[in-house]
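Accompanying notes for the structure given below.
Only heavy atoms go into these numbers, but all of them, side chains included; no hydrogens, no water, no symmetry mates. One-based numbering, in listed order, for ligands and for the atoms of each. Because the structure is predicted, anything quoted here is derived from the model rather than measured.
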Amino acid sequence: MIDRRDAVLRYSRVAMLFHWTIAALVIVNLAIGLLHDAIGGMALHKAVGLTVLGLTAARLGWRLLHRAPPLPAHTPGWERAAAHATHWTLYLLMVAMPLTGWLMVSGGPMPRPTSWFGLAQVPPLPVGRAAGGFGHEAHELLGWLMLALVLLHVAAALRHRVLLRDGMLARMAPLLDR
Ligand code: HEM
């Protein structure tokens with residue numbers, strides 16, 4: 001007999017939409033950020049980054065009003081703690097990365113508005129050179145942390161899908177049955 005507490009519960013459609021949209025934008029921005037010397041694309045990077053900030057604010061509001069589906073009852077304590085820590089650190093970075101980028105360009109030598117896909121101009125923050133320098137250092141450091149956590153998060157999802165085959169990925173994947 002199936003223990004109902006162990007049934008795999010899924011995230012809502014809205015939560016999935018937020019997750020996959022922001023995931024795609026963050027991956028694009030990590031790639032442009034790390035490769036910009038070779039491939040350029042900084043205007044796109046800044047516009048995508050500001051989009052991540054707006055979407056993350058909306059997502060956090062949504063998340064605080066809607067509980068995540070509980071993990072299956074048999075999930076070990078270490079795995080609950082690791083998932084919790086990774087998810088909330090990723091939320092923190094989805095806010096901190098755009099903010100430190102914005103801080104960096106605002107406190108740079110020539111602060112000027114950032115174009116959001118040519119549709120709007122986002123003004124620089126009212127900060128000085130020291131804050132800009134801090135933003136630059138933090139943006140680089142947190143960028144590596146974010147890359148490491150995204151890889152860890154993907155590896156954990158693949159472990160559930162390929163090794164454990166326990167339907168965990170289907171909680172967040174609209175196209176998977178289980
Ligand atoms: C999801 C949001 C963002 C992510 C994941 C991200 C990621 C990165 C990464 C990984 C780098 C390379 C850092 C390094 O040199 O090692 C970078 C560079 C940069 N980012 Fe972002 N970024 C985001 C948002 C923004 C925003 C909103 C702005 C500005 C409005 C911005 C401006 C810049 C600039 C100017 C650089 C080049 C720094 C340099 O030349 O050393 N970023 N970003």
Notebook entry, point to check: What residue and heavy atom of the protein are closest to atom 39 (C) of ligand 1, and at what distance?
Noted result: H136 NE2, 3.5 Å

Next item on the list: Please check if the side chain of W20 supplies one atom and the backbone of M172 the other of a donor-acceptor pair under 3.5 Å.
Entry: yes

Check: Of the options T21, V26, L93, V28, which is the one that meets V52 in a side-chain contact (heavy atoms from CB on, under 4.5 Å)?
Finding: V26

Item checked: Under 4.0 Å to a heavy atom of W144 - the qualifying atoms of ligand 1, by number -> 16 (O)

Notebook entry, point to check: Who's the nearest protein heavy-atom neighbour of atom 15 (O) of ligand 1, and how far?
Noted result: E140 CG, 3.5 Å

Checklist line | Side-chain donor or acceptor of W102 paired with backbone N/O of P123 under 3.5 Å | finding: yes

Check: I32 and L35: same hydrophobic cluster, using ILVMFWY side-chain contacts below 4.5 Å?
Finding: no

Notebook entry, point to check: Which atoms of ligand 1 have any heavy atom of V52 under 4.0 Å away?
Noted result: 1 (C)

Notebook entry, point to check: With a cut-off of 2.8 Å, how many protein N, O or S atoms neighbour atom 21 (Fe) of ligand 1?
Noted result: 2

Notebook entry, point to check: Tell me, which protein residue and heavy-atom name are nearest atom 40 (O) of ligand 1, and how many Å apart are they?
Noted result: H36 NE2, 3.4 Å

Margin query: Using only atom types and a distance under 3.5 Å, with no angle test, would you say the side chain of H45 pairs donor to acceptor with the backbone of G41?
Written below: no

Notebook entry, point to check: Taking the side chain from H160 and the backbone from A157, do they hold a donor-acceptor pair closer than 3.5 Å?
Noted result: no

Notebook entry, point to check: What pairs with W62 under side-chain contact (heavy atoms from CB on, under 4.5 Å), at least two apart in sequence or on another chain?
Noted result: S12, V14, A15, F18, H66

Checklist line | Approximate separation, where rounding is to 0.5 Å, of F134 CZ and E137 CD | finding: 9.5 Å

Check: For ligand 1, which atoms have a heavy atom of M42 less than 4.0 angstrom away?
Finding: 19 (C), 34 (C), 35 (C), 36 (C), 37 (C)

Check: Is the side chain of R171 donor-acceptor paired with the backbone N or O of L9 at a distance under 3.5 Å, no angle test?
Finding: yes

Notebook entry, point to check: Is R10 reaching over with its side chain to a backbone N or O of A170, donor-acceptor style, under 3.5 angstrom?
Noted result: yes

Margin query: If I apply the N/O under 3.5 Å rule, does T114 come out as touching ligand 1?
Written below: no

Next item on the list: Tell me which part of M94 gets within contact of ligand 1: side chain, backbone, both or neither, using heavy atoms under 4.0 Å.
Entry: neither

